[in-house]
Every structure is written in structure tokens, then in C-alpha cells.
Amino acid sequence: MNSIKNCSYGQENTWQRIAARKVDRFVRSALQAGGADEASADAVARALVGASLRGVDSHGLRLLPHYLKVLRGGRINGRPELAFKPLSNTTGTLDADNGFGHLAGYRAIEEGIALAEKNGMGAVSVVNSSHFGAAGSFTLAAAEAGYLAVAFSNSDKLVLAHDSVAPFHGTNPISFAAPLQGQRPYLIDMATSSIPYNRVLHYQTIKRELPSDVAVDSGGHMTTDPFAAAALLPLGGLGYGYKGAALAGLCEVLCAALTGMAFSHQLLAINGPDLSTNRRLGHFFLVMKPEAFIERSLYETQMTAYLQDLRTQNAVAGTTVMAPGDREWRVQEEREAEGIPVDPVLLQLLADQAEALHIPGLAAFLK
């Protein structure tokens, strides 16, 4: 084992806190210097900084070195020409032109909102895309505009099918968000695997052990060593992994069978040696206007009452019952005030990237 230890943000005195606006400026600068157009850089920065602020560090700033690498290698088109094609009053498809999935995701939500505003609902499939980071970035954008939204994506095979010995599905994220009156949105953002694979990579960086019963090594044995993890278990683990596997299959149907894109077990590996071949991922988004189903005021009353009842349930000593998104909003409030924590390994990776791109390093923006 590579000197694994358990640590968390704020406990390592070598970690640095950097204001979100400065991280945002650095990400945009690095991406544009690396060959991305302004729209692509804006979308990626919006998604990465937002994820870091919400505490989704596995899908935040940590991904920037990878994105710069694949942008440089040609896998991602840094100057795509996105093309939306309406298919009916409530459906359409977006060709992402092999650009960043973040740009495609935000555009798909915009098109879904336009359809929903006119017809109550809008479903948008995305083809020829790439990794889009945290799925919650896109449903959150819809909820902040007053709409409910669901997002799905598949990804390359990293997760065991239930009772299998080899990976078959991707981590296949699902997100749902709903607007709330006077509160930040209700937000679900989850992998259908036991944990996201990017968390494994993140734990390698910070030398932290994985939880038990979430990953196996190349021999199929359970491991807590992130360096030895070869595959993840589906959500539900050994006994109930059929639930996560079924949800992963839902993503396959919507993102591959319904789009013509590849299934997870056919996709090019995100961290493989081929940095030039387009991965051609599929995504699927559904946007709904509350007023298409119920009066807005009654919807808001229902949501407020539900969450009040949920949050006031008796809790285990020392804890409180939280609604989906509550933890993220608490972390965001703290990080907006104190800055985004960045570990020293990532700081060095970003310094190396900045030097190669001939731009000021992130260290220049330390709080």
C-alpha cells in the first residue's frame, strides 16, 4: 500500500484555500490557453468550480489536468459547433461535435427549458459528447431557472454487473433537481456504483483509504487501497447490487439505446492511453415545468411541507436528518467564505500545467 492514511479537507496544514472566483479565472485561462474556445472554457469552469464549491471534489478542480491532457491530445474538440435538432414539440437531439460534455449539458438544459416553457416538458438526447463532470451541474441549472430536471449519462466500464467478476457498466450517474421557494434547490446527484470512480482517483491523490466493500482488486478481492482498486461494486454492494445495476441499465437504455451511441462496455476508457480518439458519449436530459402538472403555488406548498417534515424527523444522536442537497449547500456556504481547499499534489499538477501553457500558476491566486 502506498502509505495510505485517512484525512479530510481542512486537516492537512499543507492544503491551500483559494477563493472560488480565482479558481474560476485560472480554469478558464488554462482551458483557453490549451485550445478551448471561450464558450467551452466557460462551461467547464462553471461545472468544475460549482462541483468543488458543493464539496464534490472528485468532479471538481481535480479534473482540470485530465481535461487539458485530452484537449491537447485531440480527443476533445475545443471549438465544437453544437447543433440542436427538434424532433417533436417536446423532444430534440443535440450533436455535441465531440466537444466538452459540460458545454453540451448546459446547452441541452437550455433547449429542454425552451421546450418545457412552450409544451410543459422537454426531453433532449445528446450524441457525440464526452465526460461531463458532475451530473448535478445541469439539473441544478434547470432548478435555478424554476424547472424540475433529470440527467443521465453512461461511462466506460468500471463497475461489476451484479454477481459478475468483471466490470461491465460505467458509474452511470443520475441527477434530479427541483426548485424550492426561498431555498436552494432539492438536489440528488449520484453514481449508480458504490462510489464514483473519480473518488478512487481523488483518494489516490490524497492518500486516503476507500470505504470497505465498495471496490475489488484485479483478483476480484475486496480492497480499501485506492491504488489496487480495479473495479467498483454497483450501488447496494454484494447483497443488493442488483439495484445499482438496474439503475445503471436505465442509463444505458436512455444514453445508448435511445441515442445510437456506445454502451458502457464498448466505450473507450476515459483514462486509457488513447488520447486522440473521440469517445462519442451519449447523455439524456428531461426538463419539466411544474405548472404543466399543478398550480405553482400548490407545488411550492407541497415541497416546503415535505422537506420541513423530513428535516424535523428524529435523528441519531449528534446528527440531523437532511434532504438531498443540504450537505452540499452547507459545504458551499463554508467554501464561499473560506475558499476551495486544494491539496498539495493537485497544486503541483496545476503548476506544471500552467508552466507548460505559459500562464500564471494557481499559486498566484492563493488566498
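The structure places CG of Leu357 at 7.0 Å from CZ of Arg72, a figure rounded to the nearest 0.5 Å. In this structure, Leu103 CG and Asp37 CG are separated by 7.0 Å, a value rounded to the nearest 0.5 Å. Atom SG of Cys251 and atom CG of Asn154 lie 7.5 Å apart (nearest 0.5 Å). If you take CG on Leu349 and NE2 on His66, they are separated by 13.5 Å, rounding to the nearest 0.5 Å. To the nearest 0.5 Å, atom CD of residue Glu144 and atom CG of residue Leu187 are 9.5 Å apart. Remark: Arg208 CZ to Asp225 CG distance equals 14.5 Å, nearest 0.5 Å.
Taking each heavy atom of Tyr106 and Ala43 in turn, the nearest pair found is CE1-O, 3.5 Å. The two residues Asp156 and Leu268 come nearest to each other via the heavy atoms CB-O, 3.7 Å. Residue Leu232 comes nearest to Ser194 through the heavy atom pair CB-OG, 4.1 Å, listed as atom of the first residue, atom of the second, then distance. Contact detail for Leu180 and Tyr186: the closest heavy-atom pair is CD1-N, 3.7 Å. Closest heavy-atom contact between Thr223 and Asp217: CG2-N, 3.8 Å. Taking every heavy atom of both residues into account, Cys255 and Phe284 meet most closely at SG-N, 3.9 Å.
Here the side chains of Phe285 and Val150 are not in contact, with every heavy-atom distance at 4.5 Å or above. The shortest distance between side-chain heavy atoms of Trp329 and Pro185 falls below 4.5 Å. Within the 4.5 Å cutoff, the side chain of Met303 has no heavy atoms near those of the Gln181 side chain. The side-chain heavy atoms of Tyr299 and Ser297, taken from C-beta on, include no pair separated by under 4.5 Å. By the 4.5 Å heavy-atom criterion applied to side chains, Leu201 and Thr205 are not counted as neighbours. Considering only heavy atoms from C-beta on, His169 stays 4.5 Å or farther from Thr192 through its side chain. The shortest side-chain heavy-atom distance between Ser52 and Ile340 falls under the 4.5 Å cut-off. Between Ser276 and Asp274 the shortest side-chain heavy-atom distance falls below 4.5 Å.
Residue pairs meeting the salt bridge (charged side-chain N to carboxylate O under 4.0 Å, His left out) criterion with at least one member in residues 116-137, sequence neighbours excluded: Glu117-Lys289.
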Exercise for review: Verify side-chain contact (heavy atoms from CB on, under 4.5 Å) between Val159 and Phe168, making sure each step is shown before the conclusion.
Suggested key: CA-CA 6 Å; Val159 185; Phe168 180 74; over 6 Å; no
Practice item. Decide side-chain contact (heavy atoms from CB on, under 4.5 Å) for His59 and Leu63; before the verdict, give the C-alpha distance in whole Å, the side-chain angles of both, and the deciding distance to 0.1 Å. Key: CA-CA 6 Å; His59 288 68; Leu63 289 174; 4.2 Å; yes
**Study point:** Worked verdict on Ile18 versus Leu347 for side-chain contact (heavy atoms from CB on, under 4.5 Å)
**Key:** CA-CA 11 Å; Ile18 307 175; Leu347 272 177; 4.2 Å; yes
Check your understanding: Can you check side-chain contact (heavy atoms from CB on, under 4.5 Å) on Val216 and Leu160, steps first, answer last?
Key -> CA-CA 9 Å; Val216 296; Leu160 303 176; 4.2 Å; yes
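In terms of modelled atom types and a separation under 3.5 Å, the side chain of Thr93 and the main chain of Lys85 share no donor-acceptor contact. Of the possible polar contacts, none joining the Ser40 side chain to the Ala36 backbone as a donor-acceptor pair under 3.5 Å is found. Judged purely by atom type and a 3.5 angstrom limit, Asp343 uses its side chain to pair as donor or acceptor with the backbone of Leu346. Listed for the Gln204 side chain is a donor-acceptor partner under 3.5 Å among the backbone atoms of Pro226. For the pair Asn119 (side chain) and Asn89 (backbone), a donor-acceptor distance under 3.5 Å is present.
When each of Glu328, Glu333, Arg335 is checked for a side chain to side chain contact (heavy atoms under 4.5 Å, CB included) with Val331, only Arg335 meets the rule.
Residues His102 and Tyr67 place their aromatic rings such that the two centres sit under 6.0 Å apart. Aromatic ring centroids of Phe152 and His283 lie 6.0 Å or more apart.
Side chain to side chain, Arg62 and Asn198 meet the donor-acceptor criterion of an N or O pair below 3.5 Å. Thr259 and Ser125 form no side-chain donor-acceptor contact under 3.5 Å, judged by distance and modelled atom types alone. Ser175 and Thr139 share a side-chain donor-acceptor pair at under 3.5 Å. Using a 3.5 Å distance cut-off with no hydrogens or angles, the side chains of Asp97 and Asn77 do pair a donor with an acceptor. A donor-acceptor pair shorter than 3.5 Å can be found between the side chains of Asp95 and Asn128.
Within 6.0 Å of CZ on Arg21 lie no more than 12 heavy atoms contributed by other residues, nucleotides or ligands. Residue-environment remark: OH (Tyr240) stays at or below the threshold of 12 foreign heavy atoms within 6.0 Å. Heavy atoms of other residues, nucleotides or ligands lying less than 6.0 angstrom from CD of Gln266 number more than 12.
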Below 3.5 Å, can you tabulate the donor-acceptor pairs from side chains in residues 304-317 to any protein atom, sequence neighbours excluded?
from, atom 1, to, atom 2, distance (Å)
Thr304, OG1, Glu300, O, 2.9
Arg311, NE, Asp326, OD2, 2.9
Arg311, NH1, Gln183, OE1, 2.9
Arg311, NH2, Asp326, OD1, 2.8
Thr312, OG1, Gln308, O, 2.7
Thr312, OG1, Asp309, O, 3.2
Gln313, NE2, Asp309, O, 2.9

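Both Leu350 and Leu53 sit in one connected hydrophobic cluster of ILVMFWY residues. Membership requires side-chain heavy atoms under 4.5 Å apart, directly or through other members. Ile174 is connected to Leu258 through a chain of hydrophobic side-chain contacts under 4.5 Å among Ile, Leu, Val, Met, Phe, Trp and Tyr, so both are in one cluster. At a threshold of 4.5 Å between side-chain heavy atoms, the hydrophobic network of Ile, Leu, Val, Met, Phe, Trp and Tyr places Ile109 and Ile188 in two separate groups. Residues Val49 and Phe100 share a hydrophobic cluster, clusters being chains of Ile/Leu/Val/Met/Phe/Trp/Tyr side chains in contact below 4.5 Å.
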